[in-house]
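Heads up: the structure comes next, in C-alpha cells.
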Amino acid sequence: MDRPQHRLDARAALQFLEAGLAYRREATVNWDPVDQTVLANEQVDGEGRSWRSGALVEKRQLRQWFLKITAYADQLLDDLPKLEGWPERVRTMQANWIGRSSGAELDFAVVDGEGQPSGEAITVFTTRPDTIFGVSYVVLAPEHPLVARLTTADQAIAVEAFCDLVSRQSDQERTAEDGPKRGVPLGARVRNPANGELVPLWIADYVLAEYGTGAVMGVPAHDQRDFLFARRYELPVRQVIIPEGSDEHAYEGGVWTEPGVLIHSGRFDGQASSSAKAAITAAAESEGWGRGKVQYRLRDWLISRQRYWGCPIPVIHCNSCGVVPVPVEQLPVELPRQVAFSGKGASPLAQLEDWVSVACPCCGQPARRETDTMDTFMCSSWYYLRYSDPHNTALPFERSKVDRWLPVDQYVGGIEHAILHLLYSRFFTKVLRDRGLLGFDEPFTRLLTQGMVQGITYKNPHSGRYIAPADVSDPSDPRDPNTGEVLEVFFEKMSKSKYNGVDPTAVIDRYGADTARMFILFKAPPEKDLEWDDADVEGQFRFLQRIWRLIEGAAERGLSLADGPALAVQEGSDGRASSSTLPGAPELLRFSTPEECSPAERELRRAVHTAITAISDDLDGDYQFNTAVSELMKLSNAMGGEHLEAAGLPVAAEALASLLILLAPFAPHLAEELWQKLGGSGSVHRQRWPVADPAALVRDTIPLVIQIKGKVRGNLEVPANADKATLEKLALESEVALRWLEGKAPSRVIVVPGKLVNLVP
RNA sequence: GGGGGCAUGGCGGAAUGGUAGACGCAGCGGACUUAAAAUCCGCAGACGGCGACGUUGUGGGGGUUCAAGUCCCCCUGCCCCCA
C-alpha cells in the first residue's frame with residue numbers, strides 16, 4: 001500500500017535513529033492475553049481489564065522501540081514559562097507529567113545470614129535523604145532483576161506467588177495511596193549505610209520497576225504509603241523528623257511528611273530537614289554510598305505497535321550488521337497487500353515471511369524487517385510542519401519554508417491533548433531544531449483549548465436508563481414515557497447511548513450554517529463547554545432575521561452603499577485598489593465632524609464606533625466571540641426603530657456598511673447577501689476592517705456617579721471634559737450630596753474623572 | 001492524598017479595583033390580529049413601599065481599600081489532571 005505520509009513519517013523516524021534518540025529495550029508492557037497484543041496504559045481500565053476484550057491485562061517483558069524523550073525533559077520543562085499564549089493549566093499539567101524531582105540515590109549493601117556483605121547492593125531513589133535514619137525496611141519492585149537471586153529458599157514459593165499476583169494489577173491500582181499495600185519479605189537483609197542497621201528486604205506492589213531505580217527505602221514515620229505498609233506488616237515506625245518546636249511525641253501513631261527538625265539521626269540531630277537533605281547527600285557522596293540525582297516521572301516514549309495499519313519502523317535487523325536503517329531511497333517501506341488478520345499473535349506483518357525476509361542494505365546477507373509499526377502520535381507530532389511545504393516530494397519540508405511559516409500562531413485543540421500530543425510535538429520540534437532542520441524552539445505560539453458541545457440529557461434516576469429527548473413529551477416536566485417517573489435533566493458530552501446528540505445537518509437544513517455558527521460562538525466563551533439549547537438556536541435565528549429586515553427596510557427606502565458620500569474608491573494599504581467603504585477612516589468622512597451631525601446622527605455614530613472598538617478588541621488577543629456577537633446585537637438594536645431613518649444618508653450608509661463588515665466573520669453568507677442587496681461593491685469579505693473614529697466616541701456630557709461612603713446614591717449629568725475640581729464642586733452641590741451629608745463637609749473626597757465622585761462623611 | 005480550575009438572577013453568561021447582572025434564552029404585561037403565530041413596545045435579582053426610594057445581594061467566613069464579583073487568608077461544594 002503506497003502511503004506518501006508513511007514515507008515522510010519514516011524519514012522523520014530516521015532522524016531519531018541518526019540522533020541516537022531511538023533505541024530498543026525490554027520493557028514491562030500491558031499484555032492482553034485474549035487479543036494477544038500490547039495495550040497502552042490508557043487502554044487499560046481501572047480494574048486492570050482490556051477496554052476491548054475485557055480480559056485481565058498481564059505485565060510482560062517485551063523488546064520494544066522507544067524514543068528518548070527523557071533526554072529533553074529539562075528543556076521541555078524549562079521552556080514552559082515561555083509559552084505565554086498557552087493556558088496556565090496545560091502548562092501545569094505538562095510540568096506535573098514531566099515531574100522533575102531532586103533527590104538522591106543511596107546504596108544499601110546486601111548482607112548474608114551472618115550479617116557480612118555479600119558484595120551486592122540495592123540502590124534506592126529517594127526525594128527524602130533526610131529521613132534515612134528512619135528506614136525500617138527496603139522494598140524492591142517485584143520485577144526488579146535482583147529479586148530471584150536475593151530470595152531465600154524458605155521464601156521462594158511466597159515470592160513467586162506474589163509476583164504472579166502483582167503482574168495482573170495495573171500501575172494505577174498498585175500505587176493508589178488509599179489502596180492496600182501488599183508485599184512479602186525476600187528473606188535477605190541490607191545494611192543502612194547511614195547508621196549500619198540491618199533491615200529486611202521486601203518486595204511490594206506499590207513499588208514500580210519503571211520509576212527511579214525500582215527500589216525504595218521504607219520510612220513509615222514520614223511517608224504515607226510506607227506507613228500503611230509498615231502497619232499492615234508490623235514493621236517498626238521510627239520518627240526522625242519532628243515539627244519545629246515540638247517533641248517526639250507530637251505525631252505518634254501518625255505520619256509527618258512536612259519539613260521539621262531531625263532527631264535520632266546521629267550527627268545530623270537538630271538540623272532542619274531542608275538543609276539535612278543536602279548535608280546527608282553530601283555525606284553519602286564523600287563516603288561513597290550515594291549521590292545526588294534528579295529524577296523524572298516522564299518515561300521514554302514507547303512507539304512500538306503490533307499493528308498492520310501504521311507506518312513500519314524503517315529498520316532491518318541483520319545478524320552481522322545489527323540494526324540497519326532502511327536506505328532513504330527505499331522508503332517508504334510498503335505494507336504488504338495480502339494480509340491475514342487473525343486477530344491473534346504478534347503483528348500480522350510478522351507472519352508474512354515474504355515481506356519480512358530481505359537482504360541487509362549493508363552486507364547483502366539475509367536479514368529481517370522490523371515488524372513493529374509506529375504509534376499514530378508520531379504522525380501528529382509533525383504534520384503541521386508539512387503544511388509549510390506540502391508539495392515537496394524530495395523532503396518532508398524545506399527549512400526555509402518551515403522557518404517562514406512556523407511556529408503556528410494559533411493552535412486549537414481539546415484539553416485531552418494537553419499531555420500526549422502537545423508534549424510530543426514540542427519534543428519533535430526541539431529534536432528537529434537540534435538536527436538543524438528548523439530554526440525555532442516551540443511549535444505552537446498560542447493555544448486555545450476549546451470546550452465541548454454538550455447535549456441535553458434525560459435520565460431516569462431509578463432505572464438508570466437514558467431517555468431520548470423526542471420521547472419526553474413535556475420538557476418543563478420531564479417524565480419517563482413508560483413509568484411516568486420524574487427524570488433527571490442535565491447537560492453532558494454527546495453520546496449515542498445517551499440519546500443526547502444533535503445532528504448538525506438537521507440544524508443547518510432548518511436554520512442555515514450562519515445561525516448554527518453564531519449560536520455556537522455566542523452561547524459560551526470558546527474554552528468553555530457549551531450547552532446545546534434549541535431555544536437559544538431559535539433566538540439566534542431571530543437575530544439574523546432582524547438584521548435581514550433591517551437591511552431590507554433600508555434598501556426599500558432607497559439606501560444604497562453605492563452612492564453615499566461615505567463610499568470612496570480607495571487604495572488599500574496592501575496596494576490593491578478596492579472600491580470599498582471606509583467607514584472608519586475619519587479623514588475621508590467629511591460629515592463626521594460633530595458640528596455637522598444631528599444629535600440623532602451623533603448617537604448612531606457613537607453606537608457604530610463603540611461596536612467597532614469592542615468587536616475589534618474581542619477578536620484580537622484573547623478570543624471573546626461571545627461578547628463580540630452581543631456587541632453586534634447591541635449595534636443592530638441601536639440601528640432599529642427610528643434610529644436609522646433619522647440619520648442622513650452618509651451616516652446611515654456608514655452604519656449599514658460597518659454592521660455588515662463586522663457581521664461578516666460570524667455570518668459570512670448572510671453578510672455577503674445583504675452587502676449585495678445594498679449595492680456594496682465587491683465582496684463584503686474583501687473590505688477593509690473598520691477603524692473606530694475617536695471623534696465619534698466623544699460625548700458632551702456624561703452621567704457622573706455620586707457615591708456616599710462608597711455606596712451609589714445618585715447620578716449627575718456633567719460636562720464630559722470637566723476637571724477634577726469642577727467635578728468635586730458639582731458633586732458637593734448636588735441634591736444627592738445635600739440630602740446625604742446633611743450640610744456637613746465630607747472628610748474625604750475621591751474624584752475619578754469620567755466616572756464618579758465618592759464623598760466620605 | 002497532591003496539583004490546577006471554577007462558584008454571579010429561573011437558565012447561558014457580561015463586568016481595565018469604580019453604577020453587578022451587559023447581551024441572549026425562558027417568563028410576564030401591552031400593541032397589532034376575528035383568532036393564533038410572527039413581529040413590535042415595555043417589565044423583570046430578592047425583600048419592603050402606591051411611589052420617590054430604602055434595605056439586601058456575586059457559595060460561606062475573615063481581611064486590605066475611599067471603593068471588592070474582581071486583590072489576600074481560611075472553609076465548603078463541583079470539575080479536570082496526577083497519584
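For the numbers below, each heavy atom of this structure counts, side chains included, while hydrogens, waters and symmetry mates do not. Chain A is the first sequence line, chain B the second, and so forth, proteins listed ahead of strands; every chain is numbered from 1.
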Pick the C1' atom in B:C74 and in B:C25, then give their distance to the nearest Å.
38 Å
So what does A:F522 touch, heavy atoms closer than 4.0 Å: a base, only the sugar-phosphate, or nothing?
base
Quantified in whole Å, what is the P atom distance between nucleotide B:G59 and nucleotide B:G10?
13 Å
Side chain of A:E531 (C-beta onward), nearest among B:A26, B:G12, B:U16
B:G12
Would you please confirm or rule out a distance under 4.0 Å between OP1 or OP2 of B:G5 and any side-chain N or O of A:R91?
no
Identify which nucleotide among B:G24, B:A14, B:G18 has an atom closest to any side-chain atom of A:T627, counting heavy atoms from C-beta outward.
B:A14
When the distance from CD of A:Q94 to P of B:C80 is rounded to whole Å, what number comes out?
20 Å
P gap between B:A52 and B:A46, integer Å
16 Å
Can you measure A:I750 atom CD1 to B:A68 atom P for me and round it to whole angstrom units?
12 Å
Which nucleotide in the list B:A14, B:G3, B:C66 gets nearest to the side chain of A:N96?
B:G3
Of the options B:C23, B:G24, B:U19, whose atoms approach the side-chain atoms of A:S630 most closely?
B:C23
B:U55 to B:G49 separation - C1' atoms, rounded to the nearest Å
11 Å
Can you tell me, in whole Å, how much space there is between the C1' of B:G13 and that of B:C6?
14 Å
Does B:G13 have OP1 or OP2 sitting under 4.0 Å from an N or O in the side chain of A:K528?
yes
Mind checking if A:K755 touches a base, just sugar-phosphate, or nothing, with heavy atoms under 4.0 Å?
base
N/O donor-acceptor pair under 3.5 Å between A:D205 side chain and A:R182 backbone:
yes
Rounded to the nearest angstrom, tell me the gap between atom CG in A:D529 and atom P in B:C6.
15 Å
Does A:Q624 place a side-chain N or O at less than 4.0 Å from the phosphate oxygens OP1/OP2 of B:A15?
yes
In whole Å, measure the gap between the C1' atoms of B:G48 and B:G57 for me.
15 Å
With a non-hydrogen cut-off below 4.0 angstrom, is A:V752 in contact with a base, only sugar-phosphate, or nothing?
base
Between P of B:C79 and CZ of A:F491, the distance in whole Å
17 Å
Heavy atoms from C-beta onward define the side chain here; which of B:G18, B:C25, B:G4 lies closest to that of A:D533?
B:C25
Derivation and outcome, salt bridge (charged side-chain N to carboxylate O under 4.0 Å, His left out), residues A:R100 and A:D74
CA-CA 8 Å; A:R100 181 162 66 192; A:D74 279 322; 2.4 Å; yes
Length of the CD1-C1' vector between A:I419 and B:G4, whole Å:
12 Å
For A:V705, answer base if it contacts any base atom (sugar-phosphate contacts may also be present), sugar-phosphate if it contacts only those atoms, and nothing otherwise; contact means non-hydrogen atoms under 4.0 Å.
base
Side-chain atoms of residues 705-722 of chain A: list all donor-acceptor pairs with protein atoms under 3.5 Å, sequence neighbours left out, distances to 0.1 Å.
unit_1, atom_1, unit_2, atom_2, d
A:E717, OE2, A:T701, OG1, 2.8

Please tell me if the side chains of A:F519 and A:F541 come closer than 4.5 Å, counting only heavy atoms from C-beta onward.
no
As a test of the definition: with a 90° window around 0 for syn, would you call B:G27 syn or anti?
anti
Looking only at the side chains, is there a donor atom on one of A:Y206 and A:D226 sitting less than 3.5 Å from an acceptor on the other?
yes
Please state whether the phosphate of B:G24, meaning OP1 or OP2, lies under 4.0 angstrom from any side-chain nitrogen or oxygen of A:K634.
no
Atom CD of A:Q454 and atom C1' of B:G12 are separated, to the nearest Å, by 12 Å
Are A:F543 and A:M633 side-chain neighbours, meaning at least one heavy-atom pair lies under 4.5 Å?
yes
Return no unless some side-chain N or O of A:R748 is found under 4.0 Å from OP1 or OP2 of B:C66.
yes
With the side chain of A:R89 defined as its heavy atoms from C-beta on, choose the nearest nucleotide among B:C80, B:A14, B:U19.
B:C80
Any side-chain N or O of A:R297 less than 4.0 Å from the OP1 or OP2 oxygen of B:A83?
yes
Between B:G9 and B:A14, how far apart are the two C1' atoms, rounded to whole Å?
13 Å
Value for CZ (A:R426) from OH (A:Y72), rounded to nearest 0.5 Å, stands at 13.0 Å
Looking only at the side chain of A:A535 (C-beta and beyond, no hydrogens), which of the listed nucleotides B:U19, B:U55, B:A26 gets closest?
B:A26
Could you tell me whether A:E733 and A:K729 have a side-chain N and a carboxylate O separated by less than 4.0 Å?
yes
Will you find, in the side chains of A:E538 and A:Y511, an N or O donor that is under 3.5 Å from an N or O acceptor?
yes
A:K711 NZ to B:A20 P: how many Å, rounded?
10 Å
Is it the case that A:R297 places NZ or CZ above or below the six-membered ring of A:W97, under 6.0 angstrom from the centre and within 45 degrees of the axis?
yes
Nucleotide nearest A:R542 when distance is taken to its side chain, options B:U19, B:U39, B:C66
B:U39
Quick one: A:L530 CG to B:G24 C1', roughly how many Å, whole number?
13 Å
Side-chain donor/acceptor of A:N758 to base of B:C66, under 3.5 Å:
yes
If each of A:R549 and A:N637 is mapped to the nucleotide of RNA chain B with the nearest heavy atom, which maps nearer the 5' terminus, i.e. the 5' end?
A:N637
Note, RNA chain B 5' to 3' with Watson-Crick or G-U pairs under 3.5 Å encoded as ( ), [ ], | and . gives (((((((..(((.....[....))).(((((.......))))).((((....))))..(((((..]....)))))))))))).
Pairwise 5' ranking along RNA chain B for A:T92 and A:E631, keeping only the more 5' one
A:T92
Sugar-phosphate only, base, or nothing, as touched by A:E88 at under 4.0 Å among non-hydrogen atoms
nothing
Looking only at atom P, what distance separates B:A20 and B:A35, rounded to whole Å?
44 Å
Between A:R91 and A:E88, is there a salt bridge with N-O shorter than 4.0 Å?
yes
